[in-house]
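One structure below.
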Amino acid sequence: MEYRYGIGVSPGVAIGPALVLDTEGVLIPHRTVAPEQVEGEIVRLGHALDETAAAARGDRERMTVRLGPALGNIYAAQQSMLEDRVVRTQIESRIRAENYSAEYAVSRVIRDFVKRLEDFGRRLGDHGAAEARRRATEFIDLERQVLAALLGHPTNPFGNLTEPVVVLANDLMPSDTADFGPRSVRAFATESGGNTSHTAILAGALEIPAVVGIGRFLTDVSGGDTVIVDGGEGVLIIDPDEDTLARYEEKRARLLARPDRYEHLRDKPSVTADLVPIRLLGNIELSQEAAHCLDRGADGVGLYRTEFLYLNKSSHPTEEEHYAAYSSVLHTLGPNRPVVIRTLDLGADKFSSVSGAVAGEKNPFLGLRSVRLCLRNIDLFKTQLRAILRAALHGDLRVMFPMISTVDELRQCKTLLNEVKEDLEYAGIPFKSVVPVGTMIEVPSAAIMADVLAKEVDFFSIGTNDLIQYTLAADRNNEHVANLYNPTDPAVLRLIRMVVQAGLKENARRQEQSRRPFEVNVCGEMSGEPLYIPLLVGLGLRQLSATPRKIPEIKRVVRELRVAEAEQVARDALGMETASQVSSYLRDHLRKILPSEAVD
Ligand code: PEP
Ligand code: MG
């Protein structure tokens with residue numbers, strides 16, 4: 001049994017057989033076979049090893065001709081392992097002794113070998129460890145080839161599941177999670193990733209327990225091993241013993257039976273203890289989640305991440321597909337609740353394989369992503385804008401542009417929106433011409449220019465997930481810099497304050513002119529953490545948008561707060577010099593306002 005710790009990004013406990021997904025998504029369907037099938041498994045094994053060895057021999061010969069014997073010999077190690085009688089005997093004896101399927105026996109033997117190799121390498125210092133890792137990768141590659149030969153090169157890893165699995169992977173792209181559902185996937189755990197990675201966000205939305213950023217563990221587990229994921233504790237347990245299994249079975253049952261702790265607050269108003277309204281909105285990725293917003297007492301949708309329309313699709317969604325998704329969300333929310341539709345935020349870690357994106361960018365988070373990509377793919381952008389304006393007839397729709405980094409960029413987006421209106425008008429297609437327009441503030445340049453940007457739009461939404469990563473130059477998905485990626489960093493707080501101040505000033509100006517108020521929202525994950533709520537309210541925010549599941553907890557904090565007290569919290573925090581000072585100060589404060597609850 002092994003415990004591995006990471007970042008819990010979606011709570012809950014799941015127990016099940018592991019499905020280890022590597023880059024080719026190889027699945028081991030059965031761990032054991034019936035005794036009468038054992039000899040058949042040994043024959044299958046022999047064929048698969050022969051086939052893979054022949055392929056390695058061919059690769060070696062080709063590479064030797066092309067690049068010389070030194071590089072050709074990379075394949076020699078794989079070939080000789082495949083042809084090695086001792087290795088074959090070891091795998092065969094695992095099949096005979098333990099009724100393992102050929103796939104499981106191959107995986108077990110190779111993974112044990114890799115683990116021994118890595119342990120040995122570590123004892124030799126940095127150089128030894130690096131060399132061992134390199135060799136280990138070759139053997140993992142070998143395992144994949146043998147499994148592919150055994151399984152007939154499967155394409156859909158979920159195609160022949162006999163029971164729901166726990167997915168284990170180095171990393172998952174949002175599109176990998178497309179087939180995740182309660183009947184196929186109970187939970188997942190990944191080696192990389194942070195708590196604002198898109199896979200993490202989607203796990204939260206789908207309410208699947210998940211742990212990310214665990215560091216290397218895939219070499220210690222084989223498909224079919226029993227594993228436990230506890231998303232609340234942020235732990236993955238490989239091969240649990242019976243006591244542990246029983247303890248987590250019990251915890252799982254307890255969590256499933258527990259009613260939502262704050263369900264009773266659902267229909268209570270979201271106001272502070274001194275009766276200042278704080279509007280709570282939901283973030284959604286899929287149109288079906290609109291109903292979750294209502295279930296959890298949200299006042300509307302503050303962020304609809306429309307790029308998830310690309311789930312399960314290899315081509316661009318059509319205008320009708322966009323229109324149907326937006327109309328369905330608006331119908332669910334009714335005529336009086338706002339729905340903020342964010343235009344496509346593709347690229348970097350989100351659906352970066354869509355056409356129009358640049359393959360192999362060296363620095364995709366600083367590259368052609370999001371609105372930059374849309375402005376280079378006008379047809380793609382206009383298709384979405386047309387659908388948005390048409391759907392706006394069905395409710396209180398607002399449109400928002402992501403990743404704006406300059407005033408010019410925002411103006412270009414608005415120009416395109418106007419062009420689309422003209423096209424629709426000209427074609428006689430019904431649409432709503434007056435739709436509030438907003439911009440996300442998630443790049444430091446936009447925060448710095450907030451006073452100018454405010455004149456261009458009707459609202460801001462601060463995307464703290466990206467704002468933190470760009471302010472601190474710390475990738476939001478990279479566990480190695482997770483210590484820098486901190487919502488309470490004073491630099492982040494100063495930027496948020498700057499944006500809120502610009503919004504308040506613009507609001508005052510508009511009030512004098514009797515115009516519609518200017519609104520500022522926060523829609524990053526920061527809004528979903530009780531710890532940060534007093535600070536955000538104290539900084540002047542009156543609107544927060546979070547994963548629907550988090551809304552009752554947030555409302556609970558809001559209802560205990562007094563604005564003057566929250567303002568003092570913000571002043572104190574802004575006077576501090578480090579993120580850790582601010583975090584521990586906020587924890588102490590939350591303990592004071594919620595004395596009966598565990599604050600971690
Ligand atoms: C953000 O960056 O804070 C945000 C809400 O957008 P996303 O997480 O989709 O990048
Ligand atoms: Mg963002």
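For ligands, and for the atoms within them, numbers begin at 1 and follow the listed sequence. Residue numbers count from 1 along this sequence.
Residues L586 and Y532 meet the side-chain proximity criterion, which asks for heavy atoms closer than 4.5 Å.
Listed by atom number, the atoms of ligand 1 under 4.0 Å from E442 heavy atoms are 1 (C), 2 (O), 4 (C), 6 (O). The L303 neighbourhood of ligand 1 comprises atoms 5 (C), with distances under 4.0 Å to a heavy atom of that residue. The distance from ligand 1 to the heavy atoms of M440 drops below 4.0 Å at these ligand atoms: 4 (C), 5 (C). Atoms of ligand 1 found under 4.0 Å from any heavy atom of C523 (numbered from 1 in listed order, with element): 5 (C). Atoms of ligand 1 found under 4.0 Å from any heavy atom of R476, numbered from 1 in the order shown, are 2 (O), 7 (P), 8 (O), 10 (O).
The proximity of I462 to ligand 1, defined as any non-hydrogen pair under 4.0 Å, does not occur for either the backbone or the side chain. Using a 4.0 Å cut-off between heavy atoms, R342 contacts ligand 1 through its side chain alone, with no backbone atom that close. Under 4.0 Å from ligand 1, not a single heavy atom of E525 appears.
In this structure, R342 pairs ionically with E307, as a charged nitrogen and a carboxylate oxygen lie closer than 4.0 Å. Ion pairing between a basic and an acidic side chain is recognised when a charged N comes within 4.0 Å of a carboxylate O; D458 and R510 show such pairing. Salt-bridge check for R542 with E519: failed, with every basic side-chain N at 4.0 Å or more from each acidic carboxylate O. Ion pairing of K382 with E319 is absent here, as no side-chain N (NZ or NE/NH1/NH2) approaches a carboxylate O to less than 4.0 Å.
Within the protein, the N, O or S atoms lying under 2.8 Å from the Mg ion (ligand 2) are E442 OE1, D466 OD2.
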Item checked: Candidate pair T406 and D408, rule side chain to side chain donor-acceptor pair (under 3.5 Å), full reasoning -> CA-CA 5 Å; T406 67; D408 268 343; 5.5 Å; no
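Considering backbone and side-chain N/O atoms, D466 comes within less than 3.5 Å of an N/O atom of ligand 1.
For R376, the CZ atom is loosely surrounded, since the number of other residues' heavy atoms within 6.0 Å does not exceed 12. The environment of K455 atom NZ is dense: over 12 non-hydrogen atoms of other residues, nucleotides or ligands sit within 6.0 angstrom. Residue-environment remark: CZ (R494) stays at or below the threshold of 12 foreign heavy atoms within 6.0 Å.
In terms of the ring pair (Phe, Tyr, Trp, His ring centres under 6.0 Å) criterion, residue partners of Y323 (sequence neighbours excluded) are, by chain and number, H394.
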